[in-house]
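Worksheet for the structure shown next.
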Amino acid sequence: MPVRFKNLDGSVPHPLGNVFKWAVRDKLAGRRRKSPDTAPMRRVEPDLAALATPPAPGEGARLTWLGHASWLVQLDGVSLLIDPALRDTLTGFIRRNVAPGLSFEQLPSIAATLVSHNHYDHLDMPSVRRVGSPVISGVGMARYFRPGALAVTELDWWGSTKVGPVTVHFVPAQHWSRRSLNDANETLWGGFVVEGSSARVYHSGDTAWFEGFREIGQRFPELDAAMLPIGAYDPEWFMSKQHMNPEEAVRAYEALGARRFLAMHWGTFKLTDEPLDEPPQRLDAEWSRRKLPREPLHVLAVGESLTVRR
């Protein structure tokens, strides 16, 4: 029998009956919210000359949003990709709403690709193969790569590995995994803490709200940035088991004790029912409601970079 992973609280994915209700019955009955498949998105042309050279030790970490959950993370002379999905479509039929921040040809030399879990919008296999760098991911993920094609390092929760001088930690998330009909939760999902000489940053992967954010913040205090998802939450009865809404993302940021909030997982692919441009509006409203200082909040344009340091 294959290993079946669970969340820290023991929870597992929705039963198939709930999936059928969401995907078929509610849609046919007109109970799903309707919204356009496209929306305007801010995108900037990246500074390719700057991105060609990662920050040196002591110069912090440069974070560049490529769209959805895809990031270029550069620190201590190392360039890492997280969850690259850089093609025009996902699985051949979900089209991008906005071009990626960098094309394959524009990427700097990538030391490693970090993959949070096996869902198709995070493990876009053609993107990972085209980048061609060693992969770091959760337990069981090597099964998706031909032996000898790409080196794969599998990590359990709280495990770590080195990429040159940079340490990559794999941390828990509240989610699940599946890539085909009969492989539910056979591979481990999670997020990453990337740590260099002068910056420590967190990428949550896909996640719902969970108390694990507090433990991550305790184990890795003074996170310089938290890259947190704010989209793919509607309908809430179904999505809240695996994704956060913007209000929950603010709770996560506070539980982590991070210095900066960087929004992700919105506006790029139409995966759920809310309008593509709604998540940052709700995030802004929640930030104002809580009377939080504005300086730490960053809703970057696609292709935009932010440098953080201790």
Side-chain angles (χ1 to χ4, degrees), residues 7-11 60-63 65 68-69 71 73 75 82-83 114 116-117 122 157-158 168-175 189-196 198-234 236-237 239-267 272 274 277-301 304 306-310:
N7 288 309
L8 288 177
D9 64 3
S11 62
R62 183 193 299 130
L63 312 175
W65 190 38
H68 199 52
W71 291 83
V73 176
L75 70 172
I82 304 182
D83 286 357
L114 283 51
S116 64
H117 66 297
H122 294 258
W157 285 338
W158 310 120
V168 176
H169 309 271
F170 195 57
V171 298
Q174 185 83 0
H175 204 60
W189 55 93
F192 295 99
V193 172
V194 179
E195 194 165 15
S198 58
R200 175 188 288 161
V201 301
Y202 166 67
H203 182 292
S204 69
D206 247 354
T207 186
W209 160 262
F210 72 132
E211 288 294 333
F213 289 124
R214 302 190 197 282
E215 185 173 1
I216 293 168
Q218 289 163 2
R219 289 185 183 233
F220 302 98
E222 298 182 343
L223 291 165
D224 296 292
M227 292 163 270
L228 292 168
I230 64 169
Y233 50 75
D234 191 350
E236 186 173 344
W237 75 266
M239 291 297 163
S240 63
K241 196 176 178 69
Q242 56 239 357
H243 294 152
M244 290 192 289
N245 62 33
E247 295 80 10
E248 290 167 325
V250 177
R251 286 180 63 202
Y253 161 75
E254 293 185 313
L256 289 160
R259 290 176 171 161
R260 295 182 182 274
F261 180 121
L262 279 71
M264 67 170 182
H265 204 268
W266 72 278
T272 50
E274 77 273 5
D277 56 358
E278 180 182 274
Q281 298 169 25
R282 284 180 56 169
L283 175 63
D284 185 78
E286 179 67 4
W287 208 268
S288 296
R289 188 187 72 82
R290 289 173 176 259
K291 297 182 170 57
L292 296 172
R294 285 277 158 180
E295 193 271 335
L297 176 61
H298 301 275
V299 181
L300 299 183
E304 187 176 359
L306 178 73
T307 296
V308 299
R309 60 172 59 87
R310 293 198 192 115

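The analysis underlying the following values was restricted to heavy atoms, covering all of them including side chains, and did not include hydrogens, waters or symmetry mates. Values in this document were obtained by computation on a predicted structure and should not be read as measured data. Start at 1 with the first residue, then count along the sequence.
Scanning for side chain to side chain contact (heavy atoms under 4.5 Å, CB included) contacts around Arg289 gives Glu286, with sequence neighbours left out. Residues meeting the salt bridge (Lys or Arg N to Asp or Glu O under 4.0 Å) test with Glu274, sequence neighbours left out: none. Evaluation of the side chain to side chain contact (heavy atoms under 4.5 Å, CB included) rule for Ser240 yields Glu236 as partners, not counting sequence neighbours. By the side chain to side chain contact (heavy atoms under 4.5 Å, CB included) test, Ala285 is found to be paired with no residue, residues two or more places apart in sequence or in another chain being considered. Listed by chain and residue number, His14, His175, Trp176, Phe238, Met239 satisfy the side chain to side chain contact (heavy atoms under 4.5 Å, CB included) test with Gln242 (two or more places apart in sequence, or in another chain).
How far CD1 of Ile230 is from CE of Met244: 10.0 Å, rounded to the nearest 0.5 Å. Here the OG1-CH2 distance, from Thr272 to Trp266, works out to 13.0 Å after rounding to the nearest 0.5 Å. Separation of atoms CH2 (Trp158) and CZ (Arg219) is listed at 4.5 Å; rounding is to 0.5 Å. Residue Glu211 holds its CD atom at 10.0 Å from CD of Gln174, rounded to the nearest 0.5 Å. How far NE2 of His169 is from CD1 of Ile216: 12.0 Å, rounded to the nearest 0.5 Å. Note that the CG atom of Leu292 and the CZ atom of Phe261 stand 10.5 Å from one another [nearest 0.5 Å].
With a 4.5 Å cut-off on side-chain heavy atoms, Pro246 and Gln281 do not count as touching. Counting heavy atoms from C-beta outward, Val201 and Leu63 have side chains that approach closer than 4.5 Å. When side chains are defined from C-beta on, Val299 does not count as touching Asp284, because their heavy atoms never get closer than 4.5 Å. Contact check for Glu247 versus Val250: no side-chain heavy atoms found under the 4.5 Å cut-off.
Thr307 and Arg309 make their closest contact through CG2-NH2, 4.0 Å (heavy atoms, listed as atom of the first residue, atom of the second, distance). Between Glu195 and Leu75, the shortest heavy-atom distance links the atoms C-CD1, 4.1 Å. Taking both residues in full, the closest heavy atoms of Met264 and Ala69 are given as SD-CA, 4.0 Å, listed atom of the first, atom of the second, then distance. In plain terms, the two heavy atoms of Gly231 and Pro279 that are nearest each other are CA-CG, 3.9 Å. Of all non-hydrogen atoms in Arg310 and Gly196, the two that sit nearest each other are NH2-O, 3.7 Å. Contact record, Ala173 with Gly191: CB-N, 4.3 Å, taken as the closest heavy-atom pair.
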Table please: side-chain donor-acceptor pairs of residues 251-259 below 3.5 Å, with sequence neighbours left out.
from, atom 1, to, atom 2, distance (Å)
Glu254, OE1, Arg290, NH1, 2.5
Arg259, NH1, Asp224, OD1, 3.0

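Ring geometry, His265 versus His122: the interplanar angle falls under 30°, so the pair is classed parallel (tilted spans 30 to 60°). Using a 30° and 60° split on the angle between ring planes, Phe213 and Phe210 fall in the perpendicular class, above 60°.
Between Tyr202 and Phe192, the gap from one ring centroid to the other reaches at least 6.0 Å.
Trp287 places no side-chain N or O within 3.5 Å of a backbone atom of Arg282 that could act as its donor or acceptor partner. Proximity of a side-chain donor or acceptor of His203 to a complementary backbone N or O of Ser116 within less than 3.5 Å is not detected.
Side-chain contact of Glu278 with Tyr233: a donor-acceptor pair under 3.5 Å is present, judged by distance alone. Side-chain N/O atoms of Asn7 and Trp189 include a donor and acceptor closer than 3.5 Å.
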